[in-house]
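Notes follow the structure.
Order of the sequence lines fixes the chain letters, A, B, ..., with proteins taken first and strands second; residue numbering starts at 1 for each chain.
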There are 2 protein chains.
Amino acid sequence: MTPDAMDAVFLALGNATRRRILDIVKASPGCNVNDICAYFEISRIAVMKHLHALEDAKLLTSEKRGRDRRLYFNAVPIRMIYDRWTTEFSSLWAERLTRIKYAVEGASETRPAETKPSTRGSIKAEKQAKRGKRKRDG
Amino acid sequence: MTPDAMDAVFLALGNATRRRILDIVKASPGCNVNDICAYFEISRIAVMKHLHALEDAKLLTSEKRGRDRRLYFNAVPIRMIYDRWTTEFSSLWAERLTRIKYAVEGASETRPAETKPSTRGSIKAEKQAKRGKRKRDG
DNA sequence: CTGATATGTAACCATCTGGTTACTAATGAC
DNA sequence: GTCATTAGTAACCAGATGGTTACATATCAG
């Protein structure tokens with residue numbers, strides 16, 4: 001799953017109205033735009049923008065049927081994130097809250113420090129000031 | 001999990017830089033702000049804003065230690081969404097892609113229609129027009 | 001055809017987002 | 001104490017987001 005696709009999915013889900021729309025379409029597949037509008041106080045155009053966002057994220061599919069646009073829920077993107085998380089973070093599901101414990105109790109003096117800080121890039125100044133001295137290594 | 005909390009989590013995850021930051025902190029718990037900055041070309045202030053967003057979403061915790069702010073990953077919010085999805089959408093994990101098939105093949109004449117369209121709210125006009133006249137006569 | 005319904009498009013506006021620079025404050029090393 | 005380092009705050013800016021109104025098009029019911 002490309003980062004852009006992921007952005008689209010998370011951003012689409014990052015709005016309560018859109019999550020509600022998703023729930024509604026999931027509950028009544030084949031409904032049209034006005035059906036969705038009936039649930040909200042915002043304008044039809046606003047609803048359509050939400051629908052576009054959800055379609056961009058591929059969380060909804062739609063099909064033109066006469067005057068209507070029929071809407072359907074699509075679980076695939078959620079499934080893909082689900083899969084990523086279950087693999088990516090699977091160890092954490094096992095650990096549960098142990099990371100919190102670590103953060104509070106375990107971290108006193110040790111600093112695991114960096115893993116691969118590549119560029120040491122400098123925006124303007126700020127990092128230029130660092131050139132002279134370096135410490136904390138020996 | 002409150003809708004606002006959910007918004008915060010999804011919006012925090014809806015940005016590739018923030019997801020990368022999350023990965024970095026997860027890989028090196030206890031790192032400080034400058035450690036994170038070393039991975040990016042953007043300014044430290046921009047990184048801090050991302051860190052604030054992640055802390056708002058409770059995806060990161062931090063602890064002030066001398067000059068440094070030490071950062072730790074927190075899996076709880078992701079775990080909660082994970083749990084919501086596995087229960088909320090569990091049937092869909094079974095169905096897999098059948099909803100797509102339905103959308104393309106199954107939906108021909110039937111319209112499951114609404115489930116509880118409440119208000120029939122009207123923003124300004126648009127829905128007012130549904131009772132009386134029309135204007136498109138010129 | 002006439003007119004109502006359903007969707008689509010365009011232009012506008014306020015606020016949020018993600019970035020910047022400039023400056024301030026606290027702490028650690030010598 | 002002095003000064004570099006780390007973090008925080010404030011003000012600014014371009015572009016995205018989420019909302020609006022006005023208008024346009026397409027289809028369905030007579």
Which heavy atom of B/Tyr39 sits nearest to which heavy atom of B/Ile24, and what is that distance?
CG-CD1, 3.4 Å

Rounded to whole Å, please give me the gap between CE in A/Met48 and P in D/dT17.
17 Å

Rounded to the nearest 0.5 angstrom, the CG-OG1 distance for A/Leu71 and A/Thr61 is 8.0 Å

Can you tell me whether the side chain of B/Arg44 and the base of D/dA7 have a donor-acceptor pair closer than 3.5 Å?
yes

Report all side-chain donor-acceptor pairs from residues 5-19 of chain B shorter than 3.5 Å, counting only partners two or more places apart or in another chain.
| unit_1 | atom_1 | unit_2 | atom_2 | d |
| --- | --- | --- | --- | --- |
| B/Asp7 | OD1 | A/Arg19 | NH1 | 2.9 |
| B/Asp7 | OD1 | A/Arg19 | NH2 | 2.8 |
| B/Asn15 | OD1 | B/Thr17 | N | 2.9 |
| B/Asn15 | OD1 | B/Arg18 | N | 3.0 |
| B/Arg18 | NE | B/Ala12 | O | 2.9 |
| B/Arg18 | NH1 | B/His50 | ND1 | 3.1 |
| B/Arg18 | NH2 | B/Leu11 | O | 3.0 |
| B/Arg19 | NH1 | A/Asp7 | OD1 | 2.9 |
| B/Arg19 | NH1 | B/Leu13 | O | 2.6 |
| B/Arg19 | NH2 | A/Pro3 | O | 3.3 |
| B/Arg19 | NH2 | A/Asp7 | OD1 | 2.8 |

Is there a side chain to side chain contact (heavy atoms under 4.5 Å, CB included) between A/Asn74 and A/Leu60 once you walk through the steps?
CA-CA 5 Å; A/Asn74 179 20; A/Leu60 287 185; over 6 Å; no

Sidechain-backbone polar pair: A/Asn32 side chain, A/Asp35 backbone, donor-acceptor under 3.5 Å
yes

Distance check needed: D/dG8 P versus B/Asn32 CG, whole Å only.
10 Å

If a pair satisfies salt bridge (charged side-chain N to carboxylate O under 4.0 Å, His left out) and one of its residues is in residues 45-59 of chain A, list it, with sequence neighbours excluded.
none

Does B/Asn34 make a side-chain N or O approach to OP1 or OP2 of D/dT5 shorter than 4.0 Å?
no

OP1 or OP2 of C/dT20 sitting under 4.0 Å from any side-chain N/O of B/Ser43?
yes

Euclidean distance, atom CZ of residue B/Phe40 to atom P of C/dT20 [Å, nearest integer]
12 Å

Both conditions, 6.0 Å and 45 degrees, for the charged tip of A/Arg20 above the ring of A/Phe40: are they met here?
yes

Nucleic acid contacts - residues 6-18 of chain B versus DNA chain C, non-hydrogen atoms under 4.0 Å:
B/Asn15, B/Arg18

With a 3.5 Å cut-off and just heavy-atom distances, do the side chain of B/Arg67 and the base of D/dT5 make a donor-acceptor pair?
yes

For B/Asp68 and C/dA29, what is the distance between atoms CG and P respectively, to the nearest whole Å?
10 Å

If we ignore hydrogens and angles and just use 3.5 Å, is the side chain of A/Ser28 paired with the main-chain N or O of A/Cys31 as donor and acceptor?
no

Show the numbers, then the answer: is there a side chain to side chain contact (heavy atoms under 4.5 Å, CB included) between B/Ser43 and B/Val47?
CA-CA 6 Å; B/Ser43 73; B/Val47 170; over 6 Å; no

Estimate the overall bend of the helix from C/dC1-D/dG30 to C/dC30-D/dG1 from the end axes over five pairs each, rounded to 10 degrees.
30°

Examine distances only and state if a side-chain atom of B/Lys26 and a backbone atom of B/Pro29 form a donor-acceptor pair shorter than 3.5 Å.
no

Looking at DNA chain C, which of residues 49-57 of chain B put a heavy atom within less than 4.0 Å of it?
B/Lys49, B/His50

Counting only side-chain heavy atoms from C-beta out, which of D/dA7, D/dG19, C/dT20 sits nearest to B/Ala46?
C/dT20

At less than 4.0 Å, is any side-chain N or O atom of A/Arg69 found next to OP1 or OP2 of C/dG8? Yes or no.
yes

Nearest to the side chain of B/Ile45, heavy atoms from C-beta on, is which of C/dA22, D/dA7, C/dT7?
C/dA22

For A/Asp68 and A/Arg70, indicate whether the former's side chain and the latter's backbone hold a donor-acceptor pair under 3.5 Å.
no

Rounding to an integer number of Å, can you tell me how far A/Lys64 NZ sits from D/dA26 P?
10 Å

A/Arg70 atom CZ is separated from D/dT27 atom C1', nearest whole Å, by 14 Å

Students should find that the hydrophobic cluster of A/Ile45, defined by side-chain heavy atoms under 4.5 Å apart, otherwise consists of none

